[in-house]
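Here the structure is laid out as structure tokens; the discussion comes afterwards.
Since we're looking at a predicted model, the values are computed, not measured.
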Amino acid sequence: MPRLVMKFGGTSVADLDRIRNAARKVKREVEKGYEVAVVVSAMAGKTNELVGLVRKAAATEGEGESSFYDAREYDAVVASGEQVTAGLMSIVLQEMGVPARSWQGWQVPILTNASHGAARIEEIRTEALERKFAEGLHAVVAGFQGLGPDGRITTLGRGGSDTSAVALAAALGAERCDIYTDVDGVYTTDPRITKKARKLERIAYEEMLELASLGAKVLQTRSVELAMRYKVRLQVLSSFSDEPGTLVCDEEEIMESRAVSGIAYVRDEAKLTLISVADRPGVAAAIFGPLAEAGVNVDMIVQNISEEGRTDMTFSCSVDDVPKAMKALQEARAKGAINYRDLVADTEVSKVSVVGIGMRSHAGVAARMFKALADEGVNIKVITTSEIKVSVLVDRKYMELAVQALHDAFDLDKPADRLEG
């Protein structure tokens, strides 16, 4: 029998009515002849509630919350949300006449490394699942969780249920992995910013990976990486309608031709500049080493031309990471590891990106992007490029205008030309 993995996010299983709605979708696929593995998230809001309890438990009495706690026990607590959903989904399916049983990550088992709170899947042993499929039982698997090498429960980080679903689809040789969420597909940009945003019928793995890493929140980045590596066809669908979704697939399956497929943005970015840094071999390592050790995720990096042995170094990061970045760099200067005249932070910028595999064969995308922004009076502060994307930093107050202007400039509200042959 063909196999299908169906993943339901937190909003899709927020209460019993929504769990029943999701179960009806599962039953429909079972009736089509699929062996189905359902992957579920915790009910909406439950993970945040559990995280809050952990922080309160770790705090000294009367002091509110603490961010210092045993990561292994954190995983034991927060993984319980998915366990509840898996059990409830199995009960509802059974009541609908679909033979099903729940599985926790350790029961499958989904084996991970020991990085509690941000574990990575290393292996999924499917023998037990296969035996139950042979007995006619469908599986409901708790997403987000696995089993570490020390025999302890691990969790995969926020959005980890997407990764659980894709990894399980790869391990089971599933025909497809359907991701049900509160949106009905992948759009050319955020429909909340422009009503002209258009749902894509298909999008290539590489494009989806860039969009996810550049701010689009439809799919977790790691899940798209896995799908691309193991050629798992992903479909993004709404739990609340029967509208067709968006298929994430190989570039060869895309039947449209255009330079740009989508516009992504990250609202809360910051730009930090070290002014007049001594330009010598190893200076970049001296700057970005302490930032890495402090857990600062650096994005765009620009170094000015050196003059008289001095240069300026600019990089971007999340606004939330600015205090850590400032502290790490100031401490490095105090120790004599780096020498700069001043450190300037601009915390009122956003990143806007255009993405498309068609950039490989279409010239002039960057020029068209820059002209569209110039026509709207939007100043560009930093530019970075890759083979299939161009990203810029702009003042945050112009972010929505920039997204709208670029969406119009590349005619993303209109269907692309169909490829011949």
Ignoring hydrogens and angles, tell me if any N or O in the side chain of [X] forms a donor-acceptor pair with the backbone of [Y] under 3.5 Å.
X: H138; Y: P99; answer: no
X: T85; Y: V40; answer: no
X: N21; Y: S239; answer: yes
X: R176; Y: R3; answer: no
X: T273; Y: I275; answer: no
X: D15; Y: R18; answer: yes
X: Y340; Y: M313; answer: no
X: R396; Y: V349; answer: yes
X: E65; Y: R55; answer: no
X: S353; Y: S391; answer: no

Is any side-chain heavy atom of [X] closer than 4.5 Å to a side-chain heavy atom of [Y]?
X: V140; Y: R101; answer: no
X: E400; Y: T194; answer: no
X: L274; Y: F315; answer: yes
X: V260; Y: I263; answer: yes
X: S316; Y: V382; answer: no
X: F370; Y: V390; answer: yes
X: R198; Y: L200; answer: yes
X: H362; Y: R258; answer: no

Let me confirm one number: the [atom1]-[atom2] distance from [X] to [Y], rounded to the nearest 0.5 Å.
X: T384; Y: L393; atom1: OG1; atom2: CG; answer: 7.5 Å
X: E376; Y: D408; atom1: CD; atom2: CG; answer: 8.5 Å
X: I124; Y: L147; atom1: CD1; atom2: CG; answer: 12.0 Å
X: K132; Y: T126; atom1: NZ; atom2: OG1; answer: 14.5 Å
X: I203; Y: L247; atom1: CD1; atom2: CG; answer: 10.5 Å
X: T311; Y: R280; atom1: OG1; atom2: CZ; answer: 12.5 Å

What I want to find out is whether [X] reaches [Y] closely enough, with some N-O distance under 4.0 Å, to be called a salt bridge.
X: R360; Y: E251; answer: yes
X: R152; Y: D75; answer: no
X: K271; Y: D395; answer: no
X: D250; Y: R233; answer: no
X: R267; Y: E269; answer: no
X: K389; Y: E207; answer: no
X: K397; Y: E348; answer: no
X: D242; Y: K25; answer: yes
X: E225; Y: R222; answer: yes

Looking only at non-hydrogen atoms, find the nearest pair between [X] and [Y] and report the distance.
X: C177; Y: V232; answer: CB-CG1, 3.9 Å
X: A409; Y: A372; answer: CB-CB, 3.6 Å
X: Q104; Y: Q107; answer: N-OE1, 2.7 Å
X: V5; Y: A174; answer: CG2-CB, 4.1 Å
X: V186; Y: V236; answer: CG2-CG2, 4.1 Å
X: A259; Y: V365; answer: CB-CG2, 3.8 Å

For [X] and [Y], does a side-chain donor sit closer than 3.5 Å to a side-chain acceptor?
X: Y34; Y: E175; result: yes
X: D178; Y: Q235; result: yes
X: Q145; Y: T155; result: no
X: D190; Y: Y265; result: yes
X: T221; Y: S213; result: no
X: H407; Y: T188; result: yes

Report task. Under the side chain to side chain contact (heavy atoms under 4.5 Å, CB included) rule, what do E29 and L4 come out as? Steps first, then yes or no, please. Result -> CA-CA 8 Å; E29 299 300 335; L4 183 67; 3.7 Å; yes

Report task. Determine, step by step, whether D150 and R72 satisfy the salt bridge (charged side-chain N to carboxylate O under 4.0 Å, His left out) criterion, reporting the C-alpha distance in whole Å, the side-chain angles of both residues, the deciding distance to 0.1 Å, and the verdict. Result -> CA-CA 10 Å; D150 57 356; R72 295 165 298 183; 5.4 Å; no

So for atom [atom1], which belongs to [X], do other residues, nucleotides or ligands contribute more than 12 heavy atoms lying within a distance under 6.0 Å?
X: K324; atom1: NZ; result: yes
X: Y398; atom1: OH; result: no
X: R120; atom1: CZ; result: no

Which pairs would a plain distance check flag for residues 159-170, meaning a side-chain donor or acceptor within less than 3.5 Å of a matching protein atom at least two apart in sequence or in another chain?
from, atom 1, to, atom 2, distance (Å)
S161, OG, S41, OG, 3.3
D162, OD1, K7, NZ, 2.9
D162, OD2, Q220, N, 3.3
T163, OG1, Q220, OE1, 2.1
S164, OG, F144, N, 2.8
S164, OG, G160, O, 3.2

Requested in this report: Just jot down the side chain to side chain donor-acceptor pair (under 3.5 Å) partners of D375, sequence neighbours excluded, or say none.
Outcome: K371

Query - Check against side chain to side chain contact (heavy atoms under 4.5 Å, CB included), V355 and L214 - result: CA-CA 9 Å; V355 174; L214 293 168; 3.6 Å; yes

**Report entry** From CA spacing to verdict: side chain to side chain contact (heavy atoms under 4.5 Å, CB included), L237, I179
**Finding:** CA-CA 6 Å; L237 301 147; I179 306 288; over 6 Å; no

Query raised in the report: Between Y74 and Y69, what is the ring plane arrangement, given parallel below 30°, perpendicular above 60°, and tilted in between?
Result: parallel

Report task. Report the C-alpha separation of M6 and V39 in whole Å, then their side-chain angles, then the decisive distance to 0.1 Å, and conclude whether the side chain to side chain contact (heavy atoms under 4.5 Å, CB included) test is met. Result -> CA-CA 6 Å; M6 304 174 70; V39 175; over 6 Å; no

Which donor-acceptor pairs under 3.5 Å do the side chains of residues 289-305 make with protein atoms, sequence neighbours left out?
from, atom 1, to, atom 2, distance (Å)
D299, OD2, K351, NZ, 2.4
N304, ND2, D312, OD2, 3.4

